[in-house]
Amino acid sequence: MEPVKVGLLGLGTVGGGTVNVLKRNAGEIARRAGRGVVISHAATRDLDKERICDTSGITLTTDPFAVVNDAEVQIVVELIGGDGLARELVLAAIDNGKHVVTANKALIAKHGNEIFERAQAKGVMVAFEAAVAGGIPVIKAVREGLAANRVEWLAGIINGTGNFILTEMRDAAQGSASAAGGGTPGAAKGRDFAEVLAEAQALGYAEADPTFDVEGIDAAHKLTILASIAFGIPLQFEACFTEGISNITREDVHYAEELGYRIKHLGVARRTEAGVELRVHPTLIPERRLIANVDGVMNAVLVKGDAVGPTLYYGAGAGAEPTASAVVADLVDVTRTLTADPENRVPHLAFQPDALSDLPILPMAEIETAYYLRLQAIDRPGVLADVTRILGDSGISIEAILQKEPVGDSEATVIILTHRVQEAKMDYAIGAIEALDSIDGEIMRIRLETLDAD
Ligand code: NDP
Ligand code: HSE
């Protein structure tokens, strides 16, 4: 049988990796797909740029619409990024009756509902395994492997760049542990942060705009997708609560460790009676949890199904070939089902399009978690009593308190871990504590999840 012809949009980190993997493993891939899979056309901005892959045999162009409109091309692989031009190209490909593979989580999270509806009407597939957690086949696992389950919750480290930065900060915090007792929170952090981010960019992990990684936008895109396939709800990126890691200091990393926790940038989606929690924020996790020990660019997603219990998916969350692994797996999947009846394909969002649920996404104020609080207090009698009285009056019970002795005339650093409480109550208590004249500056608040199996 003739090989299937693929048109590639983008020859950067993931595009280059995809060319390399397809060429290197061509024989294995053809044995799996039932026919060869070859890239016949590719679009880039700059035809003279040095590439990480060999482009011989590929017709190159700077016009991505030429690829999308080429009659030979059966599958379009979108690896340009962004959600403007990429949306136009993907919709044009679908209108031309071509199947689409993409690694673009921003595109799927923001425009997936429209794209899937159009694809359904045209009877074509849009595959997006690489859009979540790089090389980990977590979409396939949740969509197909866990199809028997009522998924209760999931929690994931789903941004490789952010995890790489937090891991490097942890190493630095361990090195500077002796300074943590009286040091200025955040001192020297800016330099560390910028250096590590620059390294993640050089390694091809970061988004074109790295604030997407650092501020949690990229993780929110991915969490939006995961929640939709886990709970059978439409994609609702705008409703996802998003907090980044740029305020986390090495001192917080160190104090968390003293208390037996690791700080990870977590995406959490949970189904409750009232609706769905959808939130990305830095989170303290007990260090005994496997997911707390996922370091560097590695990602992990913990999914709790009612039948299977907790399951954990782990692997490289970014980078050329790990991401290409997911892109090429999608190409194999699409190739295998090219001739299948479109009505009998796996639905894009795991559930049949007319069976999606209208469960609301809950506002953050209604969500319950435990908390880590760090505050700077003037070292005088009665200060801690004032703080604990406000917490008690707000119905917040304390799990642990750690007070760091002030160095010289400086203020004492107080760390408090609380039990679970509604976010709205915590907002009120933080406001009241910050208003005390014995408390200096803003309180650092990091949410805490124990990720128990039940
Ligand atoms: P890169 O910036 O490395 O590559 C983007 C490619 O798109 C480049 O080859 C660029 O051309 C090309 N391009 C951009 N605009 C145009 C245009 N107007 N016309 C033609 N070509 C264009 O990005 P990545 O490979 O890192 O990311 C691609 C996608 O994959 C993004 O959606 C990203 O979020 C996603 N992703 C990335 C991962 C990673 O580890 N990097 C992991 C998982 C998903 P040129 O090279 O000539 O400038
Ligand atoms: N910038 C993303 C990350 C790429 O660091 O996780 C993978 O989606």
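Read the numbers this way: they start at 1 and go in the same order the structure lists the ligands and their atoms.
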- Task: In sequence, state the C-alpha distance, the side-chain angles, and the governing distance for E449 and K264, and then conclude on salt bridge (charged side-chain N to carboxylate O under 4.0 Å, His left out).
- Result: CA-CA 10 Å; E449 293 285 347; K264 292 292 177 190; over 6 Å; no
Checklist entry - Looking only at distance, does G317 have an N or O less than 3.5 Å from an N or O of ligand 1? => result no
Heavy-atom proximity to atom 47 (O) of ligand 1 ranks first, among D48, I108, D46, L79, for D46
A student comparing G134, G317, G160 should find that the heavy atom closest to atom 7 (C) of ligand 2 comes from G317
Between K49 and ligand 1, does any nitrogen or oxygen pair lie at a separation below 3.5 Å?
yes
#### Entry: Salt bridge present between K122 and D95 (N-O < 4.0 angstrom)
no
Counting heavy atoms under 4.0 Å, the part of V14 that contacts ligand 1 is both
Next on the checklist: Check this for me: L290, atom CG, are more than 12 non-hydrogen atoms of other residues, nucleotides or ligands nearer than 6.0 Å?
Outcome noted: no
Ranked by distance from atom 5 (O) of ligand 2, the top protein heavy atom is T161 OG1, 2.6 Å
Contact region, P322 to ligand 1, non-hydrogen atoms below 4.0 Å, reads neither
Ligand 1 atoms nearer than 4.0 angstrom to some heavy atom of P64 are 19 (N)
Heavy-atom contact check, 4.0 Å cutoff: does R51 meet ligand 1? yes
Within the 4.0 Å heavy-atom cut-off, what L107 brings close to ligand 1 is neither
